[in-house]
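These notes concern the structure reproduced below.
Heads up: numbering here begins at 1 and tracks the sequence.
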Amino acid sequence: MNNLKLVFGFTFLSVVSTGCVQGKKESSSKAVDFKKPNIIFIMADDLGIGDLGCYGQDRIKTPSIDALAKSGMKFTQHYSGSTVSAPSRCVLLTGKHTGHSYIRGNKGYKAEDGRHYDLNLADEEVTLGEVLKTRDYVTACVGKWGLGGPSGIGHPNNQGFDYFFGYLGQGNAHRYYPTQLFENNEPVILDKKVYSHDLIMEKALDFIDENSDKPFFLYLTPTIPHADLIVPNNELFDYDGKFEEVPFPGKGYTAQPKPRATFAAMVTRLDRDVQRVMDLLEKKGIMDNTIIIFTSDNGTHKEGGHDPRYFDSNGPFRGTKRDLYEGGIRTPFIVKWSNVIKPGSVSYHESTFWDFMPTVCELTGAALPEGIDGISYLPTLTGQGEQKLHDNLYFEFHEQGGKQAVIKDRWKLIRLQVNNPKKTKLELYNLNCDPGEIANVAAIYPEKVIELQSIMDSSRTSSEHWKFASEKYTK
């Protein structure tokens, strides 16, 4: 694929020339009558922005997700909550970026059952599930949770979700043939005999079917295409023999002789199941009153034999999962809302996972929790009113020496090795001119570095669990 071409379907220069990068006010005279729409939020796991046809992929087939984009709105500047799983999900569900969120990294504990789970989300944190319960929604999380273990305060049933099925701990979700999953707080024994993704999708479809007569929120979090790279019964669709393979010997993940075909088949399997959701909504007659969102929790991975370079999984962007470069945090984001969003719409609005909370609150009339960082993008979806813009976006990451990033006016400052002052490095990029983050211009624009460092230092609060080496970086 041509790396000079941006994943949103035209060259970057054309975006600059039309002045669309910064976003603009959206307005319309058409009134929209919100009728407590159902909300389905589908979050893939480690899917790169370049892995979908509608964002430029030409080796992997994703016709259903591409059709979703054609019938709705495709965002080109949407950012995940973090560059790894647990904090990204916490940011989405609480509306707080990683400078303020309770979970800021993948940190866990050993529970009474002897298994490892992720740190429990605190009781005082207000989640989307809890917010939507105040508006009489039935709520479910089906797939991967990653914010607390069995019987813990962070368990989804204790965080506003009526129903849960899937993996509580993200580490356990590295295996598609697990010994067990959980239904609410009860273990479902599978003895490594069931392909988890297929069972997760069945449970999600059952939830829609059983609750189609009332407002519902389905937080659907399949683990595809996270490693392991594996599909049941060697179902490679038509990818078998299509790619030159580099066998994966099996370090940390299951050995895979055909990692490229398997990765492609996993993405296409996910795409097929997105279509199954669409088909059920049509069958139940609730498509027109349902908002469907599709995204990924962070950038593409390079584990278990997956070679993101081969598929251009990160599109034209630098970096992958665990990076704060665009390839680690820029995600696909597609919204379909029949009779509200104009089919084939493209948004250049700079938006994030922490914007979902205020968007849902504005949409449903729910009270907005205190202390959140997000801005509603409902005006962008509906074309009504003025779309507010972020002054800046902040990210932090607590692996690989500690990392921070801030984006303001499409200038981006990255601070690496935060925990080692002798090795701390600052990188400055102009995303308008250099979306691939190729040229570090920190030495050329020292005043911009100073400005963004000040924002960076004031954007985080101290945390019991998430500390950088120096209090210089906390307030």
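- Although no hydrogens or angles enter the test, the distance criterion places no donor-acceptor pair under 3.5 Å between the side chain of K342 and the main chain of S71.
- A salt bridge links R410 to E350: one of the charged nitrogens lies within less than 4.0 Å of a carboxylate oxygen.
- With hydrogens and angles left out, the side-chain atoms of H398 and N106 include no donor and acceptor closer than 3.5 Å.
- A distance of 15.0 Å separates CD1 of I329 from NZ of K321, quoted to the nearest 0.5 Å.
- Atom CE of M456 and atom CD1 of I414 lie 8.0 Å apart (nearest 0.5 Å).
- Taking the ring axis of F165 as reference, the NZ or CZ atom of K203 stays within 45° of it and closer than 6.0 Å to the ring centre.
- Relative orientation of the Y195 and H197 rings is perpendicular, given thresholds of 30° and 60° on the angle between their planes.
- Looking only at distances, a side-chain donor or acceptor of E130 sits under 3.5 Å from a matching main-chain atom of T127.
- Atom CG of residue L47 and atom OG of residue S313 lie 8.0 Å apart, to the nearest 0.5 angstrom.
- No side-chain donor from either of N298 and S88 sits under 3.5 Å from a side-chain acceptor of the other.
- In terms of heavy-atom proximity, D162 sits nearest to Y137 at OD2-O, 4.0 Å.
- Side chains of T380 and Q387: a donor-acceptor N/O pair is present below 3.5 angstrom, by distance only.
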Discussion item. Walk me through whether Q180 and V188 qualify under side chain to side chain contact (heavy atoms under 4.5 Å, CB included).
Written reply: CA-CA 5 Å; Q180 67 177 40; V188 177; 5.9 Å; no
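- With contacts defined as side-chain heavy-atom distances shorter than 4.5 Å, the pair I39/L363 qualifies.
- Relative ring orientation between F353 and F41 is described as perpendicular, the plane-to-plane angle rising above 60° on a 0-90° scale split at 30° and 60°.
- No side-chain heavy atom of F164 sits under 4.5 Å from any side-chain heavy atom of E183.
- Surrounding NZ of K242 are more than 12 heavy atoms belonging to other residues, nucleotides or ligands, all under 6.0 Å away.
- Remark: the Q275 side chain and the D279 side chain contain an N/O donor-acceptor pair separated by less than 3.5 Å.
- For E326 and Y429, the side-chain atoms include no donor-acceptor pair closer than 3.5 Å.
- More than 12 heavy atoms of other residues, nucleotides or ligands shown are found within 6.0 angstrom of NZ on K214.
- Checked for salt-bridge contact, K403 and D323 meet the test: a charged N lies under 4.0 Å from a carboxylate O.
- Between the side chain of R59 and the backbone N or O of D312 there is no donor-acceptor pair closer than 3.5 Å.
- Separating the CD1 atom in I208 from the CZ atom in R276 is a distance of 10.5 Å, to the nearest 0.5 Å.
- Heavy atoms only, all atoms of each residue included: D45 and T223 are closest at CB-O, 3.3 Å.
- Aromatic ring centres of Y325 and F317: separated by at least 6.0 Å.
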Practice prompt. Go through the steps for F333 and I293 under the test side chain to side chain contact (heavy atoms under 4.5 Å, CB included), then give the verdict.
Written response: CA-CA 7 Å; F333 197 76; I293 299 172; 3.6 Å; yes
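- A salt bridge links D238 to K61: one of the charged nitrogens lies within less than 4.0 Å of a carboxylate oxygen.
- Side chains of H97 and T352 form no contact here, defined as non-hydrogen atoms less than 4.5 Å apart.
- Ion pairing between D213 and K284 fails under the 4.0 Å rule for side-chain N and carboxylate O.
- More than 12 heavy atoms of other residues, nucleotides or ligands lie within 6.0 Å of NZ in K107, so this atom counts as buried by the packing criterion.
- Closest heavy-atom contact between G328 and S80: O-OG, 4.3 Å.
- Atom CD1 of I65 sits about 10.0 Å away from atom CG of D51, to the nearest 0.5 Å.
- Taking both residues in full, the closest heavy atoms of S212 and I286 are given as O-CG2, 3.6 Å, listed atom of the first, atom of the second, then distance.
- Aromatic ring orientation, Y79 versus F395: tilted (interplanar angle from 30° to 60°).
- The two residues A265 and F237 come nearest to each other via the heavy atoms O-CE1, 3.4 Å.
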Discussion item. For a side chain to side chain donor-acceptor pair (under 3.5 Å) check, start with the C-alpha distance between T300 and N314, then their side-chain angles and the critical distance, and finish with the verdict.
Written reply: CA-CA 6 Å; T300 181; N314 53 1; over 6 Å; no
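- When all heavy atoms are compared, the tightest approach of G315 to I49 is N-CG2, 4.4 Å.
- S351 and H78 form a side-chain donor-acceptor contact under 3.5 Å, judged by distance and modelled atom types alone.
- The existence of a salt bridge linking K302 and D307 is excluded, since no basic side-chain nitrogen approaches an acidic carboxylate oxygen closer than 4.0 Å.
- Taking 4.5 Å as the limit, every side-chain heavy atom of K336 sits out of range of all side-chain heavy atoms of I291.
- Donor-acceptor pairing under 3.5 Å is recorded for the side chains of T254 and D228.
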Worksheet item: Does the side chain to side chain donor-acceptor pair (under 3.5 Å) test come out yes or no for Y167 and S196, once each step is laid out?
Response: CA-CA 9 Å; Y167 296 93; S196 60; 2.7 Å; yes
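- Screening residues 250-272 for ring-ring contact (aromatic ring centres under 6.0 Å, His included), with sequence neighbours left out, gives H174-Y253, F263-H306, F263-F311.
- Judged by the 6.0 Å distance and 45° axis criteria, R260 is not positioned over the aromatic ring of F243.
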Fill in: From CA spacing to verdict: side chain to side chain contact (heavy atoms under 4.5 Å, CB included), V406, L393
CA-CA 5 Å; V406 65; L393 305 179; over 6 Å; no
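- By the 6.0 Å and 45° rule, K74 stacks over the aromatic ring of Y55.
- Taking 4.5 Å as the limit, some side-chain heavy atom of W411 sits within range of a side-chain heavy atom of L452.
- The side-chain contact (heavy atoms from CB on, under 4.5 Å) test with D118 singles out one residue from Q170, K144, R89, and that residue is Q170.
- In this structure, the side chains of L431 and Q77 stay at 4.5 Å or more apart for every pair of heavy atoms.
- Residues T139 and Y163 bring no donor and acceptor atom of their side chains to less than 3.5 Å of each other.
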Discussion item. Go through it in stages, so that I can follow the logic: the residues are F356 and T295, the test is side chain to side chain contact (heavy atoms under 4.5 Å, CB included), and I'd like the CA-CA distance, side-chain angles, deciding distance and then a yes or no.
Written reply: CA-CA 12 Å; F356 189 50; T295 189; over 6 Å; no
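- Judged purely by distance below 3.5 Å, without hydrogens or angles, the side chains of D271 and T62 never pair a donor atom with an acceptor atom.
- Between F182 and Y117, the ring-plane angle classifies as perpendicular under the 30° and 60° cut-offs.
- The pair K96-D373 does not count as a salt bridge, with every side-chain nitrogen at least 4.0 angstrom from each carboxylate oxygen.
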